[in-house]
Structures are given as structure tokens and as C-alpha cells.
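Written below as C-alpha cells is the structure these notes are about.
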Amino acid sequence: MKLTDNVLRSFRVAKVFRENSDKINCFDFSSNGETIISSSDDDSLVLYDCQEGKPKRTLYSKKYGVDLIRYTHAANTVVYSSNKIDDTIRYLSLHDNKYIRYFPGHNKRVTALSMSPVDDTFISGSLDKTIRLWDLRSPNCQGLMHLQGKPVCSFDPEGLIFAAGVNSEMVKLYDLRSFDKGPFATFKLQYDRTCEWTGLKFSNDGKLILVSTNGGALRLLDAFKGAVMHSFGGYNNSKAVTLEASFTPDSQFIMIGSEDGKIHVWNAESGMKVAVLDGKHTGPVTCLQFNPKFMTFSSACSNMAFWLPTIDD
């Protein structure tokens, strides 16, 4: 089944889970699309089975809190940032609920965490104005970059380069093997003083970069030239909430939630809005991702919603 405008317009909420008492701040699909794990401001990690459509288990990180949860390559381990006590990144085995390793170094809140799609490397960005490069096998930081402002960062789908967004106006591209030599490309965007950048994501084909903000606009860049191809707006975000925006796995569509619980979808090529879907969310849709393998996506406020298409186009 191929994603088309009509198929996207046909998506409906199939199931809603109310496992959390506070907002879900992040979730991540396993690479095989079979499970999804969420982190929440109520200090819980909830693991869901996507095929059976039900929660499997709940773990807690009461002492340190949990945010920015990411699967590693092993489907039963995750890394996540802390939002209480300290700013250490933690590497957890879901199998026996034990920490495998800690990654200390940041001294302010971690605002970006991206796992390499190909190996044990990951990068983190923090309000301490640094980006750190890590390897799951060592607690020591493998590389450190000092920046002029708050960074957001993400790997490309090949795991060869990463992008850093700095000061909400520049995207710098680094080669992972020689990132200490500085960026090989820098794209300066027009500064928008009404909002801050909150995320960067590459499309799966590596050709596009999506810049999300805490305002009412997203920007889509050409990953090679840095030109702004489209700006997307018309969704509600008056309270400067961090709303997650995502590509569909085929790189053809872009989606974001809004503070009124609706999901907005655009065609990446034409820039046209193709759908506004009502998720019946009770609060802002802070998290939104398409399943990497199956024709389903999830959205979350303090509730988690699973969506399915209702037509076969």
C-alpha cells in the first residue's frame, strides 16, 4: 500500500491509551516497527506492542526523570536524557530494567539526542551550548563541540554526517569521521525572532531537512544546498510548545500536531496541505511519528493514540 493524499486523509484513531498521568515528552519506534516506547513527565517509560496494539510493560525512572528516549540498535535497550537531579544520559536494558552505562558530561538540560542509524554512535545537544559525540561502549565523550547558542542536532539516514542547528538561524553539516575539522557546509537562514528551533530531522532519502520550532511554522530545506523549499504554517501553537514534526517513511509528506489536538499534513514536494486530522487529544500533540515499517502512526499528548488508514487507495 502506497501513501497518497487520499490514504493520509483517511487515517483515524484506532486506539487511545491512557497510561500516563502527565504529558508524554518523547517516543520512539523500534527499527522493525514492532514496538514503541514512550517517556513521560510522570517519570515512566511505557512499552507498547504495535502489532497487538496494547501496552506491554511500564518501567519507572523516578529519581532522574526521563526525556528524549531513543532505541539503540538492540531492540531491548534505550538511551534517554534526565530531567531531574543531573543531566547525565542513561543507557538502559529493558530486558532486566538495569542501567548498562551512564554518559556524564553535560551540565545543563539535554535538548537533542540522536542515535546513529548504522552503529553504536550517538550525539547529544544541550543548553550548555555543546554537542557531544558518544559511543555506547564507552562512558567517555568521544568528541565535543562548543557552539554559540542552544543546539539541535540529528544524524542523516546513512549515519555518515550529522546536522547541527545553532542559534535558530544556522544549519551546519559535519562529517562524522572528521567533525573536529569543523562543518563542511553552513546554511544561514533568515532569523525569526518570534520562535526558537526545537528540532532537526532528515528525510529517509537524505535529501531534505525539516526544521521544527516552538512557533507556528516549520521550514523544509534542501539538504545539499540549504535553500528553504517550503515554510509550513496554519497550525495552532500560541504557547510556544515544543511540537514534534516528522516525515513519512517515503519522505513524501510532513506532519505535525498542534495545541488543539489536530494533526496537519503537507505534501513535501508541492508544499500544499493535504489533511487536517482530528486526534481528539486533550492537550497539545507533543509527539508524532510514523511507524518505519507499517502503515500506521502514533501521536501523543498525555494519551497515546495509534492511527490506521480506513481506505485502500
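FYI, the numbering just counts along the sequence from 1. In this text, all values refer to a predicted model and were calculated from it rather than measured experimentally.
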* **Of Pro284, Ser212, Cys287, the residue whose pairing with Leu243 passes side-chain contact (heavy atoms from CB on, under 4.5 Å)** => Pro284
* Working for ring pair (Phe, Tyr, Trp, His ring centres under 6.0 Å), residues Phe290 and Phe29 -> CA-CA 8 Å; Phe290 217 94; Phe29 281 101; 8.5 Å; no
* Asked: Do the side chain of Gln289 and the main chain of Phe27 share a donor and acceptor less than 3.5 angstrom apart?
  -> yes
* Structure fact -> Checking Asp192, Ile209, Leu210, Thr213 against Arg219 for side-chain contact (heavy atoms from CB on, under 4.5 Å), the one that qualifies is Asp192
* **Over 12 non-hydrogen atoms of neighbours within 6.0 angstrom of NZ in Lys273** => yes
* **Approximate separation, where rounding is to 0.5 Å, of Lys23 NZ and Cys301 SG** => 11.0 Å
* Determine whether Leu220 and Val228 make a side-chain contact, defined as any pair of heavy atoms from C-beta on separated by less than 4.5 Å. => no
* **Side-chain donor/acceptor of Ser61 to backbone N/O of Gly65, under 3.5 Å** => yes
* Asked: Between Ser246 (side chain) and Leu288 (backbone), is there a donor-acceptor pair under 3.5 Å?
  -> yes
* With rounding to the nearest 0.5 Å, note down the distance linking CD1 in Ile254 to NE2 in His230. => 8.0 Å
* Spatial distance of atom OG1 (Thr130) from atom NZ (Lys108) [nearest 0.5 Å] -> 10.5 Å
* To do: Please say whether more than 12 non-hydrogen atoms of neighbouring residues, nucleotides or ligands are located less than 6.0 Å from CD in Glu269.
  => no
* Asked: Looking only at atom types and distance, does a side-chain atom of Ser114 sit under 3.5 Å from a main-chain N or O of Phe155, one as donor and one as acceptor?
  -> yes
* Are the side chains of Arg109 and Asp128 in touch, meaning some heavy atoms are under 4.5 Å apart? -> no
* To do: Could you tell me whether a side-chain N or O of Asn303 sits under 3.5 Å from a main-chain N or O of Arg18, the two making a donor and an acceptor?
  => no
* Asked: Sub-3.5 Å donor-acceptor pair from the side chain of Ser168 to the main-chain atoms of Trp197, do we have one?
  -> yes
* **Asp67 backbone acceptor or donor facing Ser81 side chain under 3.5 Å** => yes
* Note, Asp260 side chain near Val285 side chain (heavy atom, < 4.5 Å) -> no
* **Side chain to side chain, Phe294 and Cys50, heavy atoms closer than 4.5 Å** => no
* Asked: Would Ser31 and His73 count as a side chain to side chain donor-acceptor pair (under 3.5 Å) if you check the C-alpha gap in whole Å, the side-chain angles of each, and the deciding distance to 0.1 Å?
  -> CA-CA 8 Å; Ser31 55; His73 295 288; over 6 Å; no
* Asked: Is there a side-chain contact between Leu189 and Leu221, using heavy atoms and a 4.5 Å cut-off?
  -> yes
* State, yes or no, whether a side-chain contact exists between Asn83 and Val66 at a heavy-atom distance under 4.5 Å. => no
* To do: For the pair Asp175 and Lys181, find out whether any cationic side-chain nitrogen is under 4.0 Å from an anionic carboxylate oxygen.
  => no
* Derivation and outcome, side chain to side chain contact (heavy atoms under 4.5 Å, CB included), residues Ile24 and Ser39 -> CA-CA 6 Å; Ile24 294 169; Ser39 56; 5.9 Å; no
* To the nearest 0.5 Å, what is the distance between CG (Asn6) and OG1 (Thr4)? -> 5.0 Å
* Does the side chain of Ser251 come within less than 4.5 Å of Lys207's, by heavy atoms? -> no
* To do: Look at the rings of Phe306 and Phe17 and say which category their plane angle falls in: under 30° parallel, 30 to 60° tilted, over 60° perpendicular.
  => perpendicular
* Measure the shortest side-chain to side-chain distance between Tyr80 and Leu92 over non-hydrogen atoms and say whether it is less than 4.5 angstrom. => yes
* Under the side chain to side chain donor-acceptor pair (under 3.5 Å) criterion, do Ser82 and Arg90 qualify, and how do the steps go? -> CA-CA 8 Å; Ser82 318; Arg90 293 180 159 77; 2.5 Å; yes
* Asked: Going hydrophobic residue to hydrophobic residue with side-chain gaps under 4.5 angstrom, can you get from Val211 over to Met229?
  -> no
* Quick one: pull up SG in Cys141 and NE2 in His106 and give me the separation to the nearest 0.5 Å. => 7.5 Å
* Backbone of Thr35 reached by a side-chain donor or acceptor of Ser30 within 3.5 Å -> yes
* Spatial distance of atom CZ (Phe162) from atom CD1 (Ile123) [nearest 0.5 Å] -> 5.5 Å
* To do: Mark yes or no for whether Asn214, through its side chain, and Glu196, through its backbone, hold a donor-acceptor pair below 3.5 Å.
  => yes
* Asked: Is a side-chain donor or acceptor of Ser116 paired with a backbone partner of Asp120 at a separation under 3.5 angstrom?
  -> no
* Structure fact -> Test ring-ring contact (aromatic ring centres under 6.0 Å, His included), reference Trp266, set Phe232, Phe253, Phe247, output is Phe232
* Give the intermediate values and the outcome of ring pair (Phe, Tyr, Trp, His ring centres under 6.0 Å) for residues Phe11 and Phe297. => CA-CA 9 Å; Phe11 269 86; Phe297 70 85; 5.1 Å; yes
